[in-house]
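One structure is given below, encoded as structure tokens.
For reference, positions follow the sequence shown, starting with 1.
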Amino acid sequence: KTRIRPTAGANYVASDANKFAGAIIEDSNGYQLNAILGCNIVLGKVGGLFNCFVPVDQNMNNGQTKMQNKNMVTITYSW
């Protein structure tokens with residue numbers, strides 16, 4: 001039996017400021033909000049999942065770091 005399951009959602013990541021030798025490192029905090037779109041295809045007990053993360057809003061390290069599109073591929077087995 002083949003099952004196809006579309007996926008959609010959101011992913012939010014927040015990062016606190018880093019510390020070094022007890023001192024807070026300026027502009028080392030931030031956040032990312034990503035939209036997630038994908039598909040899970042299951043053939044019997046084996047499945048494959050593909051997700052694409054697309055940045056919607058972000059401010060990491062005071063704009064010094066920018067996430068671009070990110071993809072994830074997973075193979076699953078159910079017993």
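Under a hydrophobic clustering in which Ile, Leu, Val, Met, Phe, Trp and Tyr are joined whenever their side-chain heavy atoms come within less than 4.5 Å, directly or via other members, Leu49 and Ile36 fall into the same cluster.
When every heavy atom of Asn51 is checked against every heavy atom of Gly38, the shortest pair comes out as OD1-CA, 3.4 Å. Considering all non-hydrogen atoms of both residues, Pro55 and Asn69 come closest at CD-OD1, 3.5 Å. Cys39 and Ile4 get closest at one heavy-atom pair: SG-CG2, 3.6 Å. Summarising the geometry of Thr65 relative to Gln58, their closest heavy-atom pair is O-OE1, 4.2 Å, with the distance given to 0.1 Å.
Under a 4.5 Å side-chain heavy-atom criterion applied to ILVMFWY residues, the cluster that includes Tyr77 comprises Val46, Trp79 as well. Hydrophobic clustering, defined by side-chain heavy atoms of Ile, Leu, Val, Met, Phe, Trp and Tyr closer than 4.5 Å, groups Phe50 together with Val73.
The distance from the NZ atom of Lys1 to the CG atom of Leu43 is 12.5 Å, given to the nearest 0.5 Å. A distance of 10.0 Å separates CD in Gln32 from CG in Asp57, rounded to the nearest 0.5 Å. With rounding to the nearest 0.5 angstrom, the CD atom of Glu26 is 12.5 Å from the CG atom of Asn18.
Considering only residues two or more places apart in sequence or on other chains, Ala17 meets the side-chain contact (heavy atoms from CB on, under 4.5 Å) condition with Ile24, Ser28, Asn29. For Ser15, the side-chain contact (heavy atoms from CB on, under 4.5 Å) criterion is met by Met60, not counting sequence neighbours. With sequence neighbours excluded, the residues forming a side-chain contact (heavy atoms from CB on, under 4.5 Å) with Leu37 are Ala8, listed by chain and number. For Lys70, the side-chain contact (heavy atoms from CB on, under 4.5 Å) test picks out Phe53, Met67, with sequence neighbours left out.
Summarising the local packing, OH of Tyr12 is surrounded by more than 12 heavy atoms from other residues, nucleotides or ligands at distances under 6.0 Å.
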